[in-house]
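Shown next, in C-alpha cells, is the structure this report addresses.
Model, not experiment: these values are computed from the prediction. Start at 1 and go down the list; that is how both ligands and their atoms are numbered.
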Amino acid sequence: MNAPFAPSRVDGVRAALLERPSQLLIGGEWVDAQAGGTFDVHDPATGEIIARAAEGTGADIDRAVAAARKAFVSGPWASMAPGGRAALMLKLADAIDAHADELALLESLDGGNPVSSTRHVDIAWAPNSLRHMAGWADKIAGEVPLGNAGAPGFAYTLREAIGVVGAITPWNAPFLMAVNKIAPALATGCTVVLKPAELTPLTAIRLGELAMEVGFPAGVINIVTGMGGVAGQALVDHPDVNKISFTGSTRVGRSILAGAAGSMKRVTLELGGKSPIILYPDADIARAAAAIAQEICFKTGQFCAAGTRLFVHAEVHDQVVEAIAAAMKQIRVGPGLSPETQMGPIVCEKQMERVLDYIAQGAACGAELVTGGKRIGDKGWFVEPTLITGAQGHMSIARDEIFGPVLATMQFGAGDDLDAVAAMANDTDYGLAAKIWTRDLGTAHGLARRIGAGTITINGGGGSSPMPFGGFKQSGLGREGGREGVLAYTEIKTVSVGF
Ligand code: NAP
Ligand code: MG
C-alpha cells in the first residue's frame with residue numbers, strides 16, 4: 001500500500017523520529033545543545049513519546065544569534081541580490097511541496113490535528129506564503145517625494161533589512177507559523193533564529209533540514225528548540241537581536257513586549273482572540289450553522305481566529321442552536337493520523353484540563369450545555385465538540401480564550417441597532433477577528449466598520465491573495481502577511497543630500 005498516509009508510511013516516519021539525533025541548527029551545522037539537555041515530544045492522540053528534541057538554552061541562543069549576525073553582515077547572504085534570495089525561497093517552497101505528505105504526517109503526529117487539515121491547510125499554505133514573500137524580495141524600495149527632488153539638493157528614503165530576527169512560534173499551527181515568520185525575513189534579507197513551541201518542534205526541525213538541502217547559506221536560518229522561559233526568553237533578552245516576531249498567547253506576548261523594551265527591539269505580536277460571530281435571520285442559516293460548527297472544531301478550537309462567541313438574533317436562535325448542535329454531533333473525532341478524522345485531540349493534558357474547567361465554569365454560572373462538554377475516552381486528550389447557550393458577557397466562557405472546541409452563544413433582538421450589536425461584539429479585550437452572517441449589505445458593512453478586529457469575514461469570506469493578518473487591542477501588534485507584513489522586517493532611513 002503506497003497511499004500517502006498508509007500505516008506503513010506512518011510507521012516509517014515514527015521510526016525515523018526515534019532514530020533522529022536531537023540537535024539544533026546553528027550556523028549551518030546540526031549540533032547538540034551546549035548543556036546537553038533534551039526533552040520528550042509526545043503524540044497527543046496517545047500520550048506516547050514519539051521523539052526527543054534538543055533543549056537549547058541561553059548559550060545556544062548566543063551561538064545562534066552570533067551565526068545569524070555573521071550571515072547578515074558578511075558572506076553570500078549579505079551580498080546576494082534580491083533575486084537570488086527569492087530563488088532560494090522558491091526552491092524551499094518546492095521542497096515543501098515535494099515533502100508535503102511526510103510533513104503533514106509529522107505535523108499530525110506532533111500536534112494532533114487531522115492529517116486531512118495539516119495536508120490541505122498548514123502544509124499546503126506554507127509554500128504559498130514563501131512564494132508570495134519571494135515576490136516581494138526585489139520590490140521593496142524607498143521613495144523620493146516629488147517636493148524633495150530638486151535643487152539645491154534632495155531627500156529620499158531607503159528601506160533596509162531590520163537585521164537578526166528572533167521568531168517564536170506556538171504549537172497550534174507549528175509549520176505554517178514558522179514559515180510565515182521566516183518568509184518575510186528572507187525576502188528582506190534578514191537572518192533568523194527560530195524557537196518553535198516546546199510541544200511541537202518536529203516540523204520546524206524538518207524545515208531546517210529542507211532549507212539546508214536547497215542551499216540556504218550557513219547562519220541564515222537557525223533553529224533552537226527548547227523551553228519558552230529559557231531559550232525563548234534568551235532570544236527576547238538578547239542585545240544583538242533586532243526584532244522579535246512572536247505568535248502565541250497574549251500573556252506571553254505582554255511579557256515579550258516588556259522584555260523587548262530594554263533594547264528597544266522591534267516587535268510583531270500575533271496573539272490570542274475571542275472572536276465574535278454575528279448572525280442575522282436573513283443569512284443562509286444552514287450554511288452559516290455548518291460553517292460555525294466546522295470552524296470551532298478546526299484544530300480542535302485551538303485556532304486563534306476561531307469564532308467563539310456567537311451572537312444570534314432571537315428570531316432564529318433556537319433554529320441555529322439546533323443546527324449547530326446537530327453538525328457538532330456529526331464531527332468525527334479521533335487520532336489525527338486517521339484519514340477520516342475531522343477533529344483531533346487537544347495538544348496536551350494540561351490544556352485539555354483547562355478546556356474542561358472552562359466548560360464547568362460556564363455550567364456553574366448558569367449557562368446551558370446543549371451538546372458535548374466531556375472528555376472522550378481515557379487515552380489521549382480528546383474533548384467533545386461543545387455548545388453552550390445563554391452565556392453572558394461577564395462569564396469566563398464569554399471572556400477568556402479557551403482554545404478548545406467550545407462555542408458560547410448569546411442573543412440580540414430586533415431592538416438592537418448596529419451600534420448596540422457592535423458594542424456586544426466589542427465587549428472583549430481581544431480584537432483578532434469577527435464573522436458576520438447577513439444578506440443585508442448595510443448591516444454587513446456597517447458592522448465591519450464598527451467592530452474592532454483585524455480581520456472581518458462576511459458570509460464565510462472569500463479571496464485568495466495573502467492579506468495582512470493581526471489584531472486590534474490585546475490580540476497583538478503589527479500585521480503578518482501582505483505589504484504590511486513584509487515592511488515590518490525593514491527599517492526606514494531618510495537620506496538628505498545637499499549639492
Ligand atoms: P504561548 O504559550 O504563548 O507560547 C508561544 C511560544 O512562546 C512558544 O514557543 C513558547 O515556548 C514561547 N514562550 C513561552 N514563554 C516565553 C517567554 N517568557 N519568552 C519567550 N518565549 C516564550 O502560546 P501557545 O500556547 O504555544 O499557543 C497558543 C496561543 O497562540 C493562543 O493564545 C493563540 O491564540 C495564539 N495564536 C495566535 C495566532 C495569531 O496569528 N494571532 C496564531 C496562532 C496562535 P514553549 O512552547 O516552550 O512554552
Ligand atoms: Mg507533540
**OP:** Report the C-alpha distance between Trp437 and Ile292 in whole Å, list the side-chain angles of each, state the deciding distance to 0.1 Å, and finish with yes or no for side-chain contact (heavy atoms from CB on, under 4.5 Å).
**Re:** CA-CA 10 Å; Trp437 291 89; Ile292 292 165; 4.1 Å; yes
Subject >> Donor-acceptor pair, side chain of Arg479 and main chain of Gly471, under 3.5 angstrom >> reply: yes
Original post:
For Trp77, which residues count as a ring pair (Phe, Tyr, Trp, His ring centres under 6.0 Å) partner, sequence neighbours excluded?
Top reply: Phe216
Subject >> Numbering as shown, the atoms of ligand 1 that approach Glu401 to under 4.0 Å (heavy-atom distance) >> reply: 31 (C), 32 (O), 33 (C), 34 (O)
Original post:
Does the side chain of Thr490 come under 3.5 Å of the side chain of Arg159 through a donor N or O and an acceptor N or O?
Top reply: yes
**OP:** Answer yes or no for Gly259: is there a heavy-atom contact with ligand 1 below 4.0 Å?
**Re:** no
Subject >> Enumerated ligand 1 atoms positioned under 4.0 Å from heavy atoms of Thr247 >> reply: 5 (C), 36 (N), 37 (C), 38 (C), 39 (C), 40 (O), 42 (C), 43 (C), 44 (C)
Original post:
How does Leu235 reach ligand 1, if at all, at less than 4.0 Å between non-hydrogen atoms: by side chain, backbone, both, or neither?
Top reply: neither
Subject >> Side chains of Thr118 and Asn113, donor plus acceptor under 3.5 Å >> reply: no
Original post:
To the nearest 0.1 Å, how far is atom 42 (C) of ligand 1 from its closest protein heavy atom, and which atom is that?
Top reply: Cys304 SG, 3.0 Å
**OP:** Kindly indicate whether atom 4 (O) of ligand 1 is approached by any protein heavy atom to under 4.0 angstrom.
**Re:** no
Subject >> N/O donor-acceptor pair under 3.5 Å between Asp400 side chain and Ile402 backbone >> reply: no
Original post:
Taking distance alone, with no angle check, do Phe469 and ligand 1 share an N/O pair under 3.5 Å?
Top reply: no
Original post:
Which of the listed options, Lys195, Glu198, Met227, holds the heavy atom that is closest to atom 11 (O) of ligand 1?
Top reply: Lys195
Original post:
Are side-chain N/O atoms of Thr247 and Lys181 paired as donor and acceptor at under 3.5 Å?
Top reply: yes
**OP:** Return the residue, atom name and 0.1 Å-rounded distance of the protein heavy atom closest to atom 27 (O) of ligand 1.
**Re:** Pro170 CB, 3.2 Å
**OP:** Please work out whether any backbone atom (N, CA, C, O) or any side-chain heavy atom from C-beta onward of Gln302 is under 4.0 Å from ligand 1, and answer side chain, backbone, both or neither.
**Re:** neither
Subject >> ligand 1 to Thr169 polar contact by distance, N or O atoms, under 3.5 Å >> reply: yes
Original post:
So, do Leu199 and Asp110 sit near enough that their side-chain heavy atoms are less than 4.5 Å apart?
Top reply: no
Original post:
Any N/O of Leu271 closer than 3.5 Å to an N/O of ligand 1?
Top reply: yes
**OP:** Provide the number and element of each atom of ligand 1 under 4.0 Å from a heavy atom of Gly226.
**Re:** 47 (O)
**OP:** Identify which of Ser255, Cys348, Gly228 has a heavy atom lying nearest to atom 16 (C) of ligand 1.
**Re:** Gly228
Original post:
To the nearest 0.5 Å, what is the distance between CD (Gln294) and CD1 (Ile324)?
Top reply: 12.5 Å
**OP:** With heavy atoms of Phe246 as the reference, note each atom of ligand 1 found under 4.0 Å away.
**Re:** 3 (O), 5 (C), 6 (C), 7 (O)
**OP:** Closest by any non-hydrogen atom to atom 35 (C) of ligand 1: pick that one out of Ala231, Ala306, Gly454, Gly248.
**Re:** Gly248
Subject >> Heavy-atom nearest option to atom 40 (O) of ligand 1, drawn from Glu270, Glu480, Gln351 >> reply: Glu270
Original post:
Are Thr250 and Gln474 linked by a side-chain donor-acceptor pair shorter than 3.5 Å?
Top reply: no
Subject >> Residue Leu432 vicinity, atoms of ligand 1 by number, heavy atom under 4.0 Å >> reply: 41 (N)
Subject >> OG-OH distance between Ser245 and Tyr489, expressed to the nearest 0.5 angstrom >> reply: 3.0 Å
**OP:** Ignoring angles and geometry beyond distance, decide whether Ile256 reaches within less than 3.5 Å of ligand 1 through its nitrogen or oxygen atoms.
**Re:** no
Original post:
Between Asn172 and ligand 1, is there a nitrogen or oxygen pair with a distance under 3.5 Å?
Top reply: no
Original post:
Any side-chain donor paired with an acceptor under 3.5 Å for Arg69 and Asn242?
Top reply: yes
**OP:** Can you sort out which atoms of ligand 1 are near Val252, meaning under 4.0 Å from one of its heavy atoms?
**Re:** 3 (O), 13 (N), 14 (C), 15 (N), 16 (C), 17 (C), 22 (C)
Original post:
For ligand 1, which part of Phe303 has a heavy atom less than 4.0 Å away: the side chain, the backbone, both, or neither?
Top reply: neither
Original post:
In terms of residue, atom name and distance, what is the protein heavy atom nearest to atom 28 (C) of ligand 1?
Top reply: Phe403 CE2, 3.5 Å
Subject >> Under 4.0 Å to a heavy atom of Gly272 - the qualifying atoms of ligand 1, by number >> reply: 32 (O), 34 (O)
Original post:
Cationic tip of Lys473 within the cone over Tyr430's six-membered ring, i.e. under 6.0 Å and within 45° of the normal?
Top reply: no
Subject >> Any donor-acceptor pair under 3.5 Å from Ser249 side chain to Val252 backbone >> reply: yes
Original post:
Could an N or O of ligand 1 be found under 3.5 Å from any N or O of Trp171, whether backbone or side chain?
Top reply: yes
Original post:
What is the nearest protein non-hydrogen atom to atom 20 (C) of ligand 1, stated with its residue, atom name and distance?
Top reply: Gly232 C, 3.2 Å
Subject >> Distance, nearest 0.5 Å, that separates CG of Leu447 from CD1 of Ile436 >> reply: 5.0 Å
Original post:
Taking distance alone, with no angle check, do Gln233 and ligand 1 share an N/O pair under 3.5 Å?
Top reply: yes
Original post:
Among protein heavy atoms, which sits nearest to atom 23 (O) of ligand 1, and what does the distance come to when rounded to 0.1 Å?
Top reply: Ser249 N, 3.3 Å
**OP:** Apply salt bridge (Lys or Arg N to Asp or Glu O under 4.0 Å) to Glu107 and list each qualifying residue two or more places apart in sequence or on a separate chain.
**Re:** none
Original post:
Can you tell me if Pro196 has a non-hydrogen atom under 4.0 Å from ligand 1?
Top reply: yes
**OP:** For Ile168, counting its heavy atoms only, list the atoms of ligand 1 lying under 4.0 Å from any of them.
**Re:** 6 (C), 7 (O), 9 (O), 12 (C), 20 (C), 21 (N)
Original post:
Between Lys243 and Thr268, is any side-chain donor less than 3.5 angstrom from a side-chain acceptor?
Top reply: yes
